[in-house]
Amino acid sequence: FAGKRHEMGLGPYPVLSLAEAREKATEAERQVRLSGINPLEVKRSQASRLALEKTFGEIVDEALPIFTQGFRNPVHRQQYHSTLSATYIPHLRSKKISQIEPADVAKDLAPLWNTRGETARRLRGRLEKVFDYAEGKGLRSGANPARLSPALKALLGGEAKKLGGHHSAMPYANVPAFINRLKERKGTAAAAYRFLILTAARVNEATGARWAEINWTDETWTVVAERYKTNKAHTVPLSPQALDLLKSIKKQQEQLGLITEYIFTNDKGQKLSNGAFAALQKRMKETDFTAHGMRSSFRDFFADRSDYADYLLEECLGHEIRSKVERAYRRGKALEKRRDIMTDWANYCHSQ
């Protein structure tokens with residue numbers, strides 16, 4: 001425009017569809033070539049007018065249903081909402097969307113940046129997405145203040161410190177003793193924890209386990225696709241110890257006259273909370289590891305103690321197998337091979 005090259009964002013995908021982007025690009029070209037108007041200045045002017053009454057918090061509340069509509073796990077949806085609440089971004093939420101600069105973003109990120117690095121990184125990414133959304137809606141223009149630019153890095157003192165890393169795991173040598181401690185405790189959480197260990201399952205898979213997912217004839221537990229991380233059904237061969245645990249729970253529920261969809265429930269008959277395992281560990285004064293870390297204990301045990309093929313162990317953990325040959329094989333004999341693995345693991349867990 002006027003002999004100078006300009007760049008103008010049209011809006012982020014998928015907030016703005018490809019067809020809508022084409023229409024906006026055509027209109028911008030028409031303004032330049034036919035009307036002698038700089039579309040970038042028009043966009044900035046429109047953004048200023050539209051944003052006069054829009055705060056960042058209002059944009060967040062408008063965008064969140066769009067951002068989280070595809071989330072299968074309600075916990076992830078809740079985490080997304082909580083990190084964009086006033087608890088984490090008190091300064092940004094009340095500020096006009098058009099007035100926010102990198103310094104404003106840094107003000108809310110700074111308290112987390114060097115103490116809760118993973119939370120800070122996730123929050124920054126979500127803030128960036130909100131600003132992209134606002135640009136797509138014509139509510140602001142210019143550089144995204146939450147993008148990890150040199151300026152924002154300088155304001156925050158560099159990269160966020162990564163604390164903790166992977167989920168802490170219990171050394172597998174300690175697992176049998178921990179199983180014994182769980183067996184001594186009454187309550188659903190302890191039984192569910194034992195089931196999680198015996199099946200090498202993720203926390204939400206175990207707490208959300210349903211009776212309808214148990215095949216007593218085949219002695220398997222199939223986590224349905226909508227509950228599984230890969231969005232594909234995952235079948236777990238059940239060891240004799242896992243089956244005995246389930247039969248015991250079922251018998252107790254029948255004696256109490258309980259009719260429930262879920263295997264593990266609280267006192268109100270509701271699905272066991274995902275935080276139940278952490279709360280149980282706290283009561284047991286066992287806080288050096290996490291329930292999710294038991295999957296690593298399982299993997300470490302077989303890495304040290306067995307010659308099972310890696311792809312079979314990865315399949316037990318529900319990890320995607322990339323090799324076509326291995327995928328073809330697992331459709332045949334792999335389920336029974338995995339049954340041997342789960343039985344060996346259960347025997348080890350009950351070896352003391």
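Keep in mind the model is a prediction, meaning the values are calculated, not measured.
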- Task: Could you tell me whether K337 sits above the aromatic face of Y308, with NZ or CZ closer than 6.0 angstrom to the six-membered ring centre and within 45 degrees of the axis?
- Result: no

- side-chain contact (heavy atoms from CB on, under 4.5 Å) evaluation trace for Y13 with L18: CA-CA 8 Å; Y13 177 84; L18 184 58; 5.6 Å; no

- Give the intermediate values and the outcome of side-chain contact (heavy atoms from CB on, under 4.5 Å) for residues I249 and F264. CA-CA 8 Å; I249 295 170; F264 306 106; 3.3 Å; yes

Charged N to carboxylate O under 4.0 angstrom, [X] versus [Y]?
X    : Y    : result
E62  : K54  : yes
R299 : E314 : yes
R140 : E135 : no
R93  : D61  : yes
E286 : R181 : yes
E29  : R33  : yes
R202 : E205 : yes
R124 : E128 : yes

Are [X] and [Y] linked by a side-chain donor-acceptor pair shorter than 3.5 Å?
X    : Y    : value
T83  : R126 : yes
Q31  : N38  : no
T235 : T222 : yes
Y262 : Q270 : no
Q253 : W211 : yes
D304 : Y172 : yes
S82  : Q79  : no
N215 : T220 : no

- Item | Closest non-hydrogen atom pair between F289 and A169, with its separation | CB-C, 3.8 Å

- Query: For D244, does its backbone N or O pair with a side-chain atom of S248 as donor and acceptor, under 3.5 Å?
  - Reply: no

- Could you go step by step and tell me if T26 and E23 meet the side chain to side chain donor-acceptor pair (under 3.5 Å) rule? CA-CA 5 Å; T26 300; E23 290 176 4; over 6 Å; no

How long is the straight-line distance from [atom2] of [Y] back to [atom1] of [X], given to the nearest 0.5 Å?
X    : Y    : atom1 : atom2 : result
L272 : F195 : CG    : CZ    : 12.5 Å
L256 : K251 : CG    : NZ    : 12.0 Å
L156 : L148 : CG    : CG    : 7.5 Å

- Task: Determine, step by step, whether W216 and I214 satisfy the side-chain contact (heavy atoms from CB on, under 4.5 Å) criterion, reporting the C-alpha distance in whole Å, the side-chain angles of both residues, the deciding distance to 0.1 Å, and the verdict.
- Result: CA-CA 6 Å; W216 298 102; I214 305 299; 3.7 Å; yes

- Step by step, work out the side chain to side chain donor-acceptor pair (under 3.5 Å) result for Q241 and N347. CA-CA 8 Å; Q241 293 88 338; N347 288 340; 2.8 Å; yes

